[in-house]
Every structure is written in structure tokens, then in C-alpha cells.
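To keep things clear, I will list the structure first and then write my remarks on it.
Throughout, protein chains are lettered first and strands after them, A, B, ... in sequence-line order, and every chain is numbered starting at 1.
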Protein chains: 2
Amino acid sequence: MEPIYLRIFKDIETKILSGDWRPGARIPKEHDLVNDYGCSRMTVSKALTALVERGLVVRKRKTGSFVASPQIDRTVMDIQDIGTEATLAGYEHRYEILTRKIETLGPVEAAQLHGTTGAEILRIQCLHIVDGKPTAIERRIILLDTVPLARNESFATVPPAKWLLSQVPWSRAKHVIRAVSADATTARILQIERGEPCLSLIRQTWQNDRMVTYVEITHPGDRFQFAGVFHPAEKRASRR
Amino acid sequence: MEPIYLRIFKDIETKILSGDWRPGARIPKEHDLVNDYGCSRMTVSKALTALVERGLVVRKRKTGSFVASPQIDRTVMDIQDIGTEATLAGYEHRYEILTRKIETLGPVEAAQLHGTTGAEILRIQCLHIVDGKPTAIERRIILLDTVPLARNESFATVPPAKWLLSQVPWSRAKHVIRAVSADATTARILQIERGEPCLSLIRQTWQNDRMVTYVEITHPGDRFQFAGVFHPAEKRASRR
DNA sequence: TAGTGGTCTAGACCACGGG
DNA sequence: CCGTGGTCTAGACCACTAT
């Protein structure tokens with residue numbers, strides 16, 4: 001027999017992960033959940049505590065409990081949004097859209113991303129400039145089937161990463177970090193020498209087994225690093 | 001007034017982090033803690049649940065609760081022990097000690113590591129070979145003040161990372177990941193061209209504000225990457 | 001002030017697993 | 001078997017904060 005608190009936990013988790021309950025939405029008050037499930041308030045509380053710990057829920061006295069805002073990377077390392085990060089670190093940040101076009105996914109890429117050949121995608125390239133220096137190239141694919149609203153979004157004012165966070169309620173992500181050589185194009189855009197080492201972060205994101213986005217962010221090796229302080233189970237990380 | 005469960009949590013946490021209770025040690029049974037703190041069993045249980053969640057404690061029915069084994073990186077990414085990882089991935093792994101000598105920490109390095117000039121250290125260089133190919137150079141400093149037993153350890157059979165995990169009960173760690181160019185020495189040892197991109201992981205570890213070790217692990221960019229799948233708050237990560 | 005979550009109790013029954 | 005943790009109750013009082 002499955003524990004009641006786990007059933008409550010899973011029910012709410014499902015509602016949130018599926019996007020049924022959007023970030024900021026109100027979660028039934030504890031008293032109501034007690035009635036719904038016919039259990040004691042401690043049991044409800046245990047489920048909600050676990051949801052808070054999982055980062056899906058925030059609780060506020062007097063006002064109630066709410067669906068938290070998605071923070072895919074909080075568990076790993078905070079590379080979610082170069083702009084926000086740079087600002088926090090006290091640097092000026094801006095970005096330019098280099099290209100933006102709608103295509104269909106070719107067979108090679110489809111295989112590489114475990115996606116579907118022919119799926120309609122939005123392909124974007126951005127250059128991020130921090131403190132006046134080119135700091136990252138962002139090469140991104142957004143699956144228009146999963147995020148149809150992207151079709152009409154120019155990304156002129158809101159960076160793709162930030163915009164996506166507001167559109168897709170909660171996600172699963174895969175990260176790969178590599179060291180690569182700058183190819184000719186990359187070198188020119190980042191204003192470095194060809195062959196210089198670059199730090200490459202690839203992130204692929206899904207919601208409910210539907211791919212949301214695939215992005216490769218390439219940083220000059222000498223202008224970027226990932227850093228984090230951790231004591232076990234305190235998950236904050238930062239980058240410089 | 002601090003909640004009782006938090007007080008219990010902190011008391012036990014302190015005992016474990018300080019090394020007072022070693023990994024595997026028995027934690028007082030819930031009934032005893034109920035008596036010690038004069039509270040109900042639910043309150044004790046709440047504290048223990050939080051300790052499990054933090055990774056400091058494991059609980060077993062009938063047998064009791066115990067101090068967990070330290071797993072510094074479980075919260076971040078599993079790069080703790082190249083040998084174990086390689087074996088898990090199905091590759092053959094061996095390593096060679098290149099140098100091993102006792103020195104004192106010079107002023108430059110001391111400043112860099114926020115350590116004390118003149119502190120006695122053990123300096124080790126290892127080469128890790130996975131699947132027959134040089135895969136990582138490990139350049140490590142161990143503070144002999146903090147880990148005196150290292151003085152007599154040859155590391156001929158047990159890699160430094162693994163040995164340290166067994167010696168230092170629990171730690172705080174800082175990680176930095178960078179892309180760097182292979183210098184002449186590194187290139188020769190890793191059998192790559194000079195200037196080729198390498199992935200560098202630096203990890204500095206403390207126990208109770210005393211530095212334990214500082215290590216830089218340098219991988220050829222084309223033979224190594226960090227990868228992880230995460231859905232928020234499920235912290236498993238792996239590397240290939 | 002009133003509504004909400006935060007904590008706590010003093011029991012209870014059950015599930016698991018070592019002897 | 002029986003000791004241990006796993007879960008649960010039906011209340012209770014308190015702390016915080018929006019109104």
C-alpha cells in the first residue's frame with residue numbers, strides 16, 4: 001500500500017510537471033487537502049514539505065501554498081541565464097541576435113538529438129557580451145511543436161533562455177560540458193584565435209518526453225569558468 | 001525559539017561533520033533520542049528524515065540509523081573517483097604515480113589557495129589511463145596538518161581521491177571547471193598536441209575550515225566530458 | 001483580527017528483517 | 001519472534017502576515 005503522503009506528493013507533482021498548475025498558481029490549502037484525502041493535517045504537511053524540498057512549491061503563512069517558479073539548474077549549476085548572472089556579478093550585459101529562422105529538423109541532427117526528422121524548429125544564434133567583451137555564442141534550437149508561441153517571439157528584448165523559462169512550466173534537462181577548439185566562425189565572432197580552447201555547455205531540455213530546446217553555449221576558455229561551492233546537500237552554485 | 005527537530009538535526013549534523021561520529025557509526029535509536037530531548041517520536045523522526053535527505057544518515061529497519069559514507073560530489077557531479085567511474089562505464093582503468101614529495105607551501109600558492117605559507121604538504125602527480133589511453137593528469141596537494149596519515153601512504157594501490165574519502169569524514173568543496181590549452185608538459189604526458197583544448201577541473205576541499213586537499217584534474221578535450229541528466233531535485237549525475 | 005502554515009504531542013498500528 | 005523504523009491520527013498552540 002502506498003503511503004498517503006506519497007500519493008498526495010505525486011498527485012501535486014504531476015499537476016505541476018504537466019503544466020496543469022502553472023507557476024504562481026495556488027495550491028489547495030492544507031485544510032482542503034485534509035478533506036480531499038481524508039487524512040490528518042500532518043500527513044498533508046509531510047507531502048507539502050517534500051514538495052518544497054523538491055523545489056516545486058513555496059509556502060507562505062496566511063497566504064497559502066503556490067507553485068514555485070521553474071529553476072531547472074538550481075540543482076546543478078546556475079548557468080540558466082547569462083544576463084541575470086552577469087548583472088548579479090556587477091557586469092554590464094547585452095546580447096545580439098545573429099540569426100533567427102524557422103526550419104525543419106534534418107535527419108542528421110534529428111538522430112543526434114533523438115528528435116523527429118522534419119519537425120519544425122526555430123533556429124537562433126545569439127552573441128552575449130559581458131563587460132564589453134564577447135563572452136558566449138548561443139546556438140539554439142526550439143521545437144515549435146512543443147512551444148508554438150516561439151514562432152511569433154522576436155527575442156529582441158527577452159533572451160531565449162529567460163523567455164523559455166516563462167513558457168515551459170517545468171523540465172528535465174541534460175547537460176554536457178566539454179572543452180573544444182574554436183573553429184573559424186566561432187573564433188571570428190568571439191574575437192579570439194582559431195583553435196583556442198573554449199568551454200562548451202550543451203543543454204537539452206524536455207517537458208514530459210517532448211523536446212523543448214537544444215542549446216550549445218560556447219565560451220572563450222580564458223573568459224569564463226563554472227564555479228561552485230558545495231557542502232553536501234546545500235545546492236547553491238555560482239559562476240564567474 | 002528554535003524548533004526541537006532543528007536542534008536535534010544540528011546536534012547530529014555537528015557530530016558527523018566534525019568527524020566525532022565516523023561513517024558507519026550507530027546513531028542513537030529514535031526511542032533514546034525521544035528520551036534525550038524529551039520530545040515525541042514524530043519530532044525525532046522529522047530530524048532524522050532531514051538528515052537522510054541531506055545525505056548524512058542512512059536508516060535501516062530493525063538495525064537502526066547510521067552515519068552515511070561521505071559522498072562529496074553527489075550533490076554536484078560524480079567526478080569523485082576516476083577509477084570507479086571508469087569501471088562502472090565498463091572501461092579498464094589504471095593509474096601511475098608520476099611524482100610524490102613532501103614540501104612546504106610557498107607564498108604564491110598559499111595566497112592562491114587561501115592557505116598558510118610554510119604549511120607542510122604532500123604533492124602528488126598521477127596519470128590516469130582509461131581504456132589504454134591517458135585520460136587525466138591529477139595534480140594534487142594534501143595538507144599534512146589536516147591529514148597527517150597521508151605522510152606514510154604510498155598511494156600505490158589506492159588512488160588519492162579514494163583514500164582521502166576514507167580519511168576525511170565530511171567535507172565542503174569548491175569546484176571550478178575551465179577550458180585550457182595544453183602546455184608542453186601536459187601535452188607530452190597526455191600524448192596530445194601542445195595547445196590542444198583540455199577540460200580542467202579544480203577542486204578544493206575543506207573540513208571545518210581546515211583545508212584538506214587541492215587538486216587539478218586535466219583531461220584532453222576530445223577524450224572527456226562531464227554530463228548529467230537532471231530533473232529538478234533529482235541529483236544523480238554521470239560522466240562519460 | 002482572522003486565516004494560514006509551523007510545530008508538536010502521545011499515543012497507535014504496521015512492515016521489515018535479524019536471530 | 002520482537003526490535004527497529006515508517007506511517008498515521010486528532011487534536012493543540014503558536015507565529016506570521018494580509019487585511
Side-chain angles (χ1 to χ4, degrees), chain A residues 1-16 21-69 71 74 233-235, chain B residues 1-16 21-69 71 232-235:
Chain A
M1 191 49 192
E2 189 183 46
I4 302 173
Y5 82 91
L6 243 186
R7 204 177 132 225
I8 301 175
F9 177 96
K10 286 183 181 170
D11 283 355
I12 296 179
E13 182 190 39
T14 302
K15 287 264 202 312
I16 296 176
W21 291 356
R22 310 281 312 194
R26 203 200 167 83
I27 286 173
K29 57 190 75 165
E30 299 191 359
H31 180 71
D32 291 346
L33 290 170
V34 165
N35 285 339
D36 293 351
Y37 287 90
C39 65
S40 78
R41 202 183 135 219
M42 271 245 87
T43 304
V44 166
S45 181
K46 186 167 185 176
L48 289 179
T49 300
L51 285 161
V52 168
E53 204 283 311
R54 198 205 194 291
L56 288 176
V57 164
V58 290
R59 297 163 97 180
K60 282 205 246 295
R61 281 173 154 122
K62 164 69 182 171
T63 37
S65 300
F66 303 86
V67 178
S69 297
Q71 296 193 25
R74 213 183 48 185
E234 206 179 85
K235 301 169 238 165
Chain B
M1 190 50 190
E2 190 182 47
I4 302 173
Y5 83 90
L6 244 185
R7 205 178 131 225
I8 303 176
F9 177 95
K10 286 182 181 171
D11 284 354
I12 297 180
E13 182 189 40
T14 302
K15 287 264 203 309
I16 296 176
W21 291 356
R22 311 280 312 192
R26 202 198 169 84
I27 286 172
K29 56 191 73 165
E30 299 191 0
H31 179 70
D32 292 346
L33 290 170
V34 165
N35 285 338
D36 293 351
Y37 287 90
C39 65
S40 77
R41 204 184 133 218
M42 272 245 84
T43 304
V44 166
S45 180
K46 185 167 186 177
L48 290 178
T49 300
L51 286 161
V52 168
E53 204 283 311
R54 198 208 194 289
L56 288 175
V57 164
V58 289
R59 294 162 99 181
K60 283 204 242 299
R61 280 174 154 122
K62 163 66 185 173
T63 35
S65 300
F66 304 86
V67 178
S69 298
Q71 296 193 25
E234 205 180 84
K235 301 168 234 164

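- OP1 and OP2 of C:dC8 both lie 4.0 Å or more from every side-chain N or O belonging to B:Tyr5.
- Set against C:dG5, D:dT9, C:dG18, the side chain of A:Arg61 has C:dG5 as its closest nucleotide.
- At whole-Å resolution of the value, CG in A:Leu48 and P in C:dG5 are 8 Å apart.
- Phosphate proximity of C:dT7 to B:Lys46: present, with a side-chain N or O under 4.0 Å from OP1 or OP2.
- When the nucleotides C:dA10, D:dT4, C:dG6 are ranked by their closest atom to the side chain of B:Ser40, C:dA10 comes out on top.
- At whole-Å resolution of the value, CG in B:Leu33 and C1' in D:dG3 are 16 Å apart.
- The closest donor-acceptor contact from the side chain of B:Thr49 to the backbone of B:Ala47 lies at 3.5 Å or more, if one exists at all.
- Atom CG of B:Asn35 is separated from atom P of C:dT9 by 13 Å (rounded to the nearest Å).
- Atom pair A:Glu30:CD and C:dC8:C1' shows a separation of 14 Å (rounding to whole Å applied).
- Between B:Arg59 atom CZ and D:dG5 atom C1' the separation is 6 Å, expressed in whole Å.
- Among the heavy atoms of the strands lying under 4.0 Å from A:Ile4 are primed sugar atoms or P, OP1, OP2 only; no base atom is included.
- Atom NE2 in B:His31 sits roughly 11 Å away from atom P in D:dG3 (whole-Å rounding).
- A:Tyr37 has its OH atom 13 Å from the P atom of D:dC8, to the nearest Å.
- OP1 or OP2 of C:dG5 sits under 4.0 Å from a side-chain N or O of A:Ser65.
- Between A:Arg7 atom CZ and D:dC8 atom P the separation is 11 Å, expressed in whole Å.
- You'll find that the side chain of B:Met42 is closest to C:dG11, out of C:dT7, C:dG18, C:dG11.
- The phosphate of C:dG6 (OP1 or OP2) has no side-chain N or O of A:Ser45 nearer than 4.0 angstrom.
- For A:Thr63 and C:dG5, the shortest distance from a side-chain N or O to OP1 or OP2 is not below 4.0 Å.
- How far CD of B:Glu53 is from CD of A:Glu53: 3.5 Å, rounded to the nearest 0.5 Å.
- Considering only heavy atoms from C-beta on, A:Leu48 comes within 4.5 Å of A:Ile12 through its side chain.
- Ion pairing of B:Arg41 with B:Glu30 is present here, as a side-chain N (NZ or NE/NH1/NH2) and a carboxylate O approach within less than 4.0 Å.
- Look at B:Lys62 and you won't find any side-chain N or O under 4.0 angstrom from OP1 or OP2 of D:dC2.
- Although no hydrogens or angles enter the test, the distance criterion places no donor-acceptor pair under 3.5 Å between the side chain of B:Arg22 and the main chain of B:Val67.
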